[in-house]
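Keep in mind that this is a model prediction, so the values were computed, not measured. Order of the sequence lines sets the chain letters (A, B, ...), proteins ahead of strands, with each chain counted from 1.
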Amino acid sequence: MSDLDPFSLNDDVVPPSRLASGPLPVAPDAPWLKGLNPEQLEAVTSLDGPILVLSGAGTGKTKVLTARLAQLLASRRAQPWQCLAVTFTNRAAREMRDRVAALVGPPAQDLWLGTFHSLCLRILRRHAALVGLGSDFTVLDADDQLRVLKQVMEAERIDPKATPPQALMGVIQRWKDRALTPDKVAGESGADLAGGRARELYRLYQDRLRGLNASDFGDLLLHTLTVFLSDASVLDHWQGQFRYLLVDEYQDTNVAQYLWLRLLAQKHRNICCVGDDDQSIYSWRGAEVGNILRFDKDFPGARVVRLESNYRSTPHILGAASALIAHNGGRLGKTLRPGLSFDPETVEKIRTHAVWDGEAEARLVVEEIEALQRKGERLASMAILVRAGFQTREFEERLITTGLPYRVVGGPRFYERLEIRDAMAYLRLVASPADGLAFERIVNTPKRGLGEAAVQSIHIHARELDISLWDAARVLSNRTELKPKPRQALAKFVEDVGRWRSLLDTMPHAELAATILDESGYVEMWKADKQPDSPGRVENLKELVAALEEYSSLAEFLEHVALVMENDEKAEADRVVIMTLHGAKGLEFDSVFLPGWEEEVFPHARALAETGTQGLEEERRLAYVGITRARKRVLVTFAANRRIYNQWKSQLPSRFVEELPEAHVERSADRGLYGGGGLQESRAAWNDPGWSGSRRGGAAAVRAQVPAWTAPRPEAGSGGFKAGDRVFHDKFGNGTVLASDGGKLEIAFDKAGTKKVLDSFVVAV
DNA sequence: GTGGCCGCAGTTTTT
DNA sequence: CTGCGGCCAC
């Protein structure tokens, strides 16, 4: 290989003198530079110094990221292992590595490329002692975290009703997101929990984790930061190693991640952050849009590149999305420009459509899907994007009755399922006897007569002798403290686990796992269970055993699973996709259906109630994300009535519907809704059997003559109803007002009983 | 120790 | 209305 071959990086280390003499030029016709627009090219080739790439939806972000890494490696500015590339999900990391490998080959394998958490884990393993952990510490998932916290709370006699463990856990996690160790927590929000003992409990929780030689996800970052800040030589080492940093989805970073990046970038100052403030939708889990907004303050003189050419969507989709997001304040400001050309004859405006209720909405959407399918569109090119998980139900039902295949993305992940977590606990206990959490989880699962009393005394012995629960169990099984029955059960359990452990080195690990699940009676337990989902669980356990075959050892498997808890979705058949708007970020579809655009559903009532304008703007960004997923067409729907927790509620259209600009939108409504307004129309609608009947015949959905929004919209609070007034409601008929609270009325309906409804949906009789 | 009943809450999610 | 968690009674 020639000395100039950029792909020989693996074989020869470039001597420092070489690096000092300047990077090698990269041929301008390198394959990854082909077809880039000027802004993309700038983002790819401006390798030195800080740079912020503001990359709007559909502007080729992934292409730029991978090309930049390829460019970096080819320029020989740094060895692969001197380049750090950070993503948020394992999926994104894998995709990036695959794409870089396709461009430059084997060197891609040596990049420090991964999620914040996986990279931190890798670093922290080397310095674990500095934070009081063994290098073999385990990473707890959410379930274990909560269990540990509950134990701490119980020991401290905190009333779990007054202070729900979940709430405290959330507060602790937000503290960790902000890099607050227990000693740094002061008057932070949430500190008043548990009678003001939240901080103390946080400290105890941390102590307990250390005692278990474990860390939670937040600790991976927090501990790494602590290491960096407490040992200058360690920090110096990593700062020196990482000459080039690349960060994806920068708008989603939290304070801890931000500090981590800033520390690591300090020496070489070659940091490239890619993100889009308009797609920041994770502030509720600690992400700080502020990180992206202040980039140029942290790195003075930073280059800023805007990617605004959109290669995904039609001009109407871009126009609608842009106008919507323009309602937000404090943006860095980007304008998406169509980068593709479209035939003005066939390009569709985005559509909004009002329906009577959720059922009609599902019917409409599924009819549209069928119509598209008849036109030759693939089901997999269509997505129904909902605000919250419960909204999927009505669409699933309709799709099932219609016989269209679909896939709901984002159910419980494989490794989070109960049966998988139990099975994992067995494996963990066999692999590492000291794993107390695993022990507790399965010591009496399946039931073997070891209840709380038995477990309690194991705990006590463990604490007194300062040994693990497992060792305590072994001791107790030979003594007389326990009653005969539990003692026998425990002896059997101890013997079983001991036997499995003895097989660790001889039996293939997948086979061993199968043996454990069989001999423990765990599989049998589910087989005997007559819940409808039990057979599925047995299937999952088989899958787990199969998954084990992919790894060279049990230990390797367990290590891997802690961080990479993913859905391994099966082969993609041609199915309609249903998922949440959050889940859809980063994906794209030809046709996107956006149902439930109603006040209180979307924007979600809680988002507004909890964080006001901020919450509203995040909801609006979510709407923006939803619209910009579409390549060709968007249908926004909203219902006048919706059953929520089995209570019928009158719904107002989402304010986002109105924020869509006329120029790019075509509005329609089922007959009588919003179209004509007024009492007569409403009554006619109520009596019209067409409501619940099929609207088949395609456009039999009678389009309102007037754009819906030119009709006077009933204004909340304008009714001026008072107790005793007689009113009429579309759905519930006549009734008497019992009470009035702002725009909300409590009404005793003659036939439908007492309901709370918005006054805009009743009229005086 | 286990099974049943009552009471309450009920977005978004990755690691 | 449903599901989960906690408490109480066998």
Side-chain angles (χ1 to χ4, degrees), chain A residues 86-93 114-121 139-146 150 154 159-161 164-167 170 173 176-177 215-222 248-249 252-254 256-257 280-287 385-393 409-413 415-416 418 443-456 482-483 485-486 489 531 560-567 579-586 596 600-611 615 618-619 621-623 625-626 643-648:
Chain A
V86 198
T87 63
F88 271 87
T89 65
N90 290 299
R91 198 187 101 212
T115 62
F116 278 101
H117 295 88
S118 69
L119 294 166
C120 279
L121 179 64
V139 182
L140 302 188
D141 58 31
D143 207 85
D144 284 337
Q145 285 173 41
L146 197 62
K150 276 182 187 164
E154 202 170 321
D159 177 12
K161 263 182 277 184
Q166 315 259 22
Q173 262 161 5
K176 290 187 176 183
D177 287 340
S215 92
D216 65 17
F217 282 108
D219 284 341
L220 292 176
L221 267 145
L222 201 58
D248 190 14
E249 307 277 18
D252 288 339
T253 51
N254 60 36
Q257 290 159 340
S280 162
I281 55 174
Y282 285 113
S283 72
W284 50 271
R285 66 177 200 210
L385 306 182
V386 297
R387 173 64 180 84
F390 70 86
Q391 292 174 270
T392 65
R393 209 200 77 242
V409 178
R413 266 159 284 285
Y415 288 107
E416 282 169 15
L418 177 74
V443 65
N444 197 29
T445 310
K447 302 260 187 300
R448 43 176 75 93
L450 292 165
E452 201 181 331
V455 174
Q456 205 59 38
L482 289 177
K483 296 209 174 91
K485 263 193 189 164
Q531 294 288 312
H560 190 70
V561 164
L563 280 187
V564 191
M565 306 231 292
E566 282 186 283
N567 267 347
M579 65 175 128
T580 64
L581 287 159
H582 284 94
K585 194 168 81 152
E600 314 230 302
V601 174
F602 188 41
H604 198 281
R606 221 156 144 159
L608 268 61
E610 277 166 23
T611 43
E618 184 146 315
E619 295 286 296
R621 290 192 290 270
L622 205 47
V625 166
R643 195 169 54 186
I644 296 167
Y645 305 132
N646 235 27
Q647 281 243 308
W648 280 99

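Expressed to the nearest 0.5 Å, how far CD of A:Gln257 lies from CD of A:Glu249 amounts to 11.5 Å. Once rounded to the nearest 0.5 Å, the distance linking CG of A:Asp216 with CD of A:Gln173 reads 6.5 Å.
Using the six-membered ring where Trp is involved, A:Trp284 and A:His582 have ring planes that are perpendicular, over 60° apart on the 30 and 60° scheme. The aromatic rings of A:Phe217 and A:His117 sit perpendicular, their planes meeting at an angle over 60°, well past the 30° parallel limit.
The aromatic ring of A:Tyr645 sits over the base of B:dG10, with ring centres less than 5.5 Å apart and planes inclined by under 30°.
An OP1 or OP2 oxygen of B:dT11 is reached within less than 4.0 angstrom by no side-chain nitrogen or oxygen of A:Tyr282. For A:Asn90 and B:dT15, the shortest distance from a side-chain N or O to OP1 or OP2 is below 4.0 Å. Checking the phosphate oxygens (OP1, OP2) of B:dT14, no side-chain nitrogen or oxygen of A:Thr115 falls inside 4.0 Å.
Listed nucleotides B:dT15, C:dG6, B:dT12 differ in distance to A:Lys150; the shortest reach to its side chain belongs to C:dG6. In the set B:dT15, B:dT11, C:dC7, B:dT11 carries the atom at the smallest distance from any side-chain atom of A:Ala607. Here the side chain of A:Thr89 is nearest to one of B:dT15, B:dT11, B:dT13, namely B:dT15.
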Q.
Can you build the contact string for nucleotides 1-6 of chain B? Use B for base contact, S for sugar-phosphate-only contact, and - for no protein heavy atom under 4.0 Å.
A. SSS---
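Nucleotides B:dT13 and C:dT2 are separated by 23 Å at their P atoms, to the nearest Å.
The minimum heavy-atom distance linking A:Ala454 with A:Leu482 is given by the pair CA-CD2, 4.1 Å.
For A:Phe88, the ring-ring contact (aromatic ring centres under 6.0 Å, His included) test picks out A:Phe116, with sequence neighbours left out.
In this structure, A:Gly389 reaches the sugar-phosphate backbone alone: every heavy-atom distance under 4.0 Å involves primed, P, OP1 or OP2 atoms, never a base.
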